[in-house]
Amino acid sequence: MSRMKAVFSSALASVMILSVPAMPAEAAQVTVTPGVEHSSGASQGSNIHRLSVDMTRPGVSVEALTNNPMDNLLQTSVLSRNHSREGHTVVGSINGSFFHMGTINPLNYKMPAYLLMKGGVVNTYGVIEHDPNEYMNVPSAFAVTKDGNGHIGEFGYEATVMAGGKNHPITSINKRMREVNEVVLYTDSYSYRQTRQNEYGMEIVLTNFNDSIEEDYRLGRTVEATVSGIYHKEKGVEIPENGAVLSIHGTENILDFGGVKIGDKMALNVGLTAPWNEAEYVLASGPLLVQDGQVDIEMKSTSDRSRTRSPRTAVATNRDGSEVFLVTVDGRNAGGSKGMTLPEFAQYLKSIGAYNALNLDGGGSTTMAVRPRGYQYPVVVNRPSDGAERAVSTILSAISYEATGVPTHMSASISSTAVPKGGRAKVTVDYVTDINFHPVKVDASKLTYSVEGNIGTVSSDGTFTATAPGKGSVTVRMGNASKSFQVEVTALPGNALIHGFNDASVWKAESARAKTTLRFDGAQAPKKEGANALSLQYDFTGTNGTSASYAVTDSIKMSVRPERLGLWVYGDGAKHWLRGTIQDGTGKEYTIDFTEQGGLNWTGWKYVTSILPDAAVSPISVKKLYVTEPSDSNKNKGTIYLDRMIADYNGNHVEQLFNDVGFNYWAINEISKAVDNGWINGYIDGTFKPESNLSRAHAAVLISRALGKTGKAVTTDPYPDVKKTHPYAREIVLMRELGIMQGDTSTGKFNPNANLTRAQMAAVLDRAYELEVSGSVPLIRDVPQNDWAYVHVAALSTNGLTTLNEGKYRPHENVRRSQFAAFLVRAEQLN
């Protein structure tokens with residue numbers, strides 16, 4: 001057999017290749033194309049899918065399809081796709097009949113096991129089991145008859161062989177058990193390479209056919225062959241490749257063939273009984289499950305094949321064949337489905353209106369593929385028990401012969417139906433189909449949009465911009481297809497806290513060339529407000545390429561698109577890049593930046609913002625926040641903290657810099673500048689403590705930062721009370737070297753923890769910025785001219801760094817953190 005003809009059906013077992021996609025969310029019954037309905041549901045603890053085909057509807061029918069060559073097994077969905085073309089659209093399919101998987105006869109390996117015929121041309125005869133424990137123990141099949149209806153029942157052969165001037169009937173083809181007075185023709189598609197019949201008969205070997213007797217054989221055509229062997233009382237003879245064997249039983253039959261000699265010519269003619277002989281398609285399988293409206297199974301009820309709950313596949317017809325049902329039942333607990341016994345399956349088929357029903361290949365082969373709305377090809381909708389779609393030899397398919405028409409149906413969505421004034425929403429066309437639900441290519445240039453109600457405008461790409469509060473509609477059209485959306489334009493929401501970073505369950509860590517840990521460390525860790533902040537610990541060491549540590553969530557959602565997103569970040573000064581990922585109402589994801597590359601360069605709390613892309617439309621979801629480093633030269637490990645995310649809808653939101661420094665605080669501007677310049681920081685709890693006294697050690701640090709100078713490594717203790725390991729030893733030594741701050745000359749100590757006095761502050765600022773007395777010095781009532789601090793206070797006063805209150809400077813008072821920040825900024829501005 002050449003195995004090159006391709007027309008038909010399906011499978012018994014095979015190879016798993018494609019994973020099974022989830023079934024599209026649809027209702028229990030959907031019109032796949034006019035005349036074809038897909039139903040899904042459950043019965044007796046089993047999940048069932050059914051395609052109902054109206055055979056009376058013009059342009060719709062059922063076909064048996066296979067691959068070319070037939071022994072090249074493919075999945076049901078793949079065969080469906082391969083056979084779909086303009087004017088021949090496969091809209092749904094089930095796996096068909098069984099196929100040979102044994103290697104006893106290499107010529108039929110993976111070939112369909114039973115009869116396949118299209119338009120009077122045979123693809124394969126297959127076998128007839130004749131064992132009541134087997135699936136097709138009587139010749140049974142499904143056909144699409146000459147009048148276009150479905151037909152199920154027993155078929156028969158009308159075949160003859162001419163020998164000795166006489167036509168002899170051939171009673172069957174490839175029947176496993178030759179019975180009394182039968183003449184059986186055996187071909188390449190038989191189960192074995194020998195006939196395996198008993199010795200009580202005669203067998204004639206035929207070779208050198210003048211035309212094919214099987215594959216591509218047209219029913220009713222006479223072909224000739226040469227007798228190449230005659231055997232009596234042999235237990236089966238070899239079937240020659242591309243040849244055949246006549247196995248003859250019965251005295252009269254043997255006498256009729258008694259004059260045949262080797263070298264004689266014999267003429268054979270094979271046909272089918274009506275209505276099979278004129279059918280468009282014939283697909284044989286078994287057993288019959290429902291006959292004449294009653295459960296009537298052509299298989300022993302004690303057979304394991306009958307009584308085991310398994311996945312099942314069947315084809316059924318109503319009484320007059322005007323409706324064909326293609327049915328699958330999932331089993332083996334795939335998707336929780338138990339499967340059915342054959343009696344249960346037959347009873348179910350009867351309950352849906354089956355007058356006749358035929359079992360097809362089940363088990364792991366059971367598959368139904370249906371074309372979802374907007375799809376070009378069918379996809380698997382049931383749950384094959386192997387966990388993936390099995391390759392098969394044949395399928396039964398619902399076909400639409402209608403060519404693709406004009407756009408008629410449309411599925412579209414709008415990202416939001418409540419849009420604030422000035423906001424945007426995006427219309428997205430999912431798919432367009434014609435009247436038969438054949439997909440029509442969505443051509444953006446042919447889509448038109450309109451707005452009703454004076455609520456806004458819509459651009460040529462479907463972006464609606466709200467301009468005035470009120471209710472109206474947005475419509476998209478393509479040809480005769482359209483979709484409208486009711487839209488309400490609302491007032492802009494107020495800026496709001498959208499996430500407080502207090503719930504660990506909504507976050508998970510992900511990494512790219514990094515190690516990432518997310519934690520909520522509680523009261524002892526940095527936090528801007530509330531009980532917690534999210535600790536993002538990253539480790540980029542030892543990696544090459546861009547590294548990133550992600551905090552991933554699906555819990556931050558905004559029904560209205562803000563102009564900006566704000567976030568409090570406790571930085572570690574490592575100069576990495578802080579970014580995020582958002583998803584808009586169309587499902588598109590965007591990367592946003594909270595800093596520029598290398599811009600995560602501060603230590604302590606800082607409020608950062610990111611402007612959302614103009615193209616992003618409502619609603620908005622935050623998907624990821626992450627720290628990343630593309631440069632291999634800056635790979636380290638560290639920790640940042642995230643807290644208090646703000647949705648800024650009008651783009652002008654301002655956060656209070658510190659929890660204890662209000663917007664109206666007298667030194668708010670100076671403190672802000674000092675913090676922005678990196679001279680001074682707040683505390684881990686989000687406070688600045690502006691009224692706290694400043695120590696001498698901290699003053700040394702602030703002056704060093706403001707001057708932009710870094711001290712040398714300290715190898716010896718610089719002061720009796722400042723060890724070389726002191727955290728600010730460098731800055732303290734630097735101040736001494738620059739002549740800005742000295743220790744106590746009487747004790748030799750620096751007194752790092754002592755509070756800085758206002759007199760000392762004047763001296764420090766005067767020396768650091770080399771101030772000179774400018775103009776006349778006002779009367780300073782509490783600092784005599786002979787006081788060591790007089791000249792320094794005078795320098796501050798005449799340069800406008802301080803204002804005397806009733807002539808008093810208060811030199812012995814301690815300097816508060818807010819005061820030093822203010823004086824430092826004023827001094828810096830002089831330069």
Looking at [X] and [Y], does any basic side-chain N land under 4.0 Å from a carboxylate oxygen?
X: Arg176; Y: Asp131; value: no
X: Asp188; Y: Arg193; value: yes
X: Glu344; Y: Arg312; value: no
X: Arg50; Y: Glu37; value: no

Atom [atom1] of [X]: over 12 foreign heavy atoms under 6.0 Å:
X: Glu86; atom1: CD; result: yes
X: Tyr401; atom1: OH; result: yes
X: Arg221; atom1: CZ; result: yes

Does either side chain, that of [X] or that of [Y], offer a donor lying less than 3.5 Å from an acceptor on the other one?
X: Glu214; Y: Thr124; value: yes
X: Asn208; Y: Ser228; value: no
X: Gln197; Y: Ser247; value: no
X: His130; Y: Glu179; value: yes
X: His438; Y: Ser400; value: yes
X: Ser140; Y: Glu298; value: no
X: Glu129; Y: Tyr135; value: no
X: Ser365; Y: Asn95; value: no
X: Ser301; Y: Ser306; value: no
X: Arg383; Y: His49; value: no

task: Provide the closest heavy-atom pair for Tyr217 versus Ser212 in the form atom of the first, atom of the second, distance.
output: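 Of all heavy-atom pairs spanning Tyr217 and Ser212, the closest is CD1-O, 3.2 Å.
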
field: Reference residue Phe257; test ring pair (Phe, Tyr, Trp, His ring centres under 6.0 Å); the match among His249, His232, His168
entry: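 The passing option is His168.
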
Heavy-atom donor-acceptor pair, [X] side chain to [Y] backbone, under 3.5 Å:
X: Asp54; Y: Thr56; result: yes
X: Tyr348; Y: Pro343; result: no
X: Trp276; Y: Glu154; result: yes
X: Thr33; Y: Asn436; result: yes
X: Asn382; Y: Thr366; result: yes
X: Glu203; Y: Val237; result: yes
X: Asn174; Y: Gly126; result: yes
X: Asn253; Y: Ile248; result: no

message: For a side chain to side chain contact (heavy atoms under 4.5 Å, CB included) check, start with the C-alpha distance between His88 and Ile399, then their side-chain angles and the critical distance, and finish with the verdict.
response: CA-CA 6 Å; His88 186 275; Ile399 309 293; 3.8 Å; yes

- request: Kindly determine whether Tyr190 and Val245 satisfy side chain to side chain contact (heavy atoms under 4.5 Å, CB included), including the steps that lead there.
  value: CA-CA 11 Å; Tyr190 184 52; Val245 173; over 6 Å; no

- request: State the CG-OG distance between Asp330 and Ser46, to the nearest 0.5 angstrom.
  value: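 Nearest 0.5 Å value for the CG-OG distance: 8.0 Å.
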
CZ on Arg57 to OG on Ser322, rounded to 0.5 Å: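 Spacing of OG (Ser322) from CZ (Arg57) equals 14.0 Å.
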
- request: Verify side chain to side chain contact (heavy atoms under 4.5 Å, CB included) between Gln376 and Arg81, making sure each step is shown before the conclusion.
  value: CA-CA 8 Å; Gln376 187 74 37; Arg81 182 172 67 245; over 6 Å; no

- prompt: Checking side chain to side chain contact (heavy atoms under 4.5 Å, CB included) for the pair Leu185/Ile213: CA distance, chi angles, key distance, verdict?
  reply: CA-CA 10 Å; Leu185 179 68; Ile213 187 60; 4.3 Å; yes

Val270: which of Ile173, Val223, Thr222 passes side chain to side chain contact (heavy atoms under 4.5 Å, CB included):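 Only one of Ile173, Val223, Thr222 forms a side chain to side chain contact (heavy atoms under 4.5 Å, CB included) with Val270, namely Ile173.
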
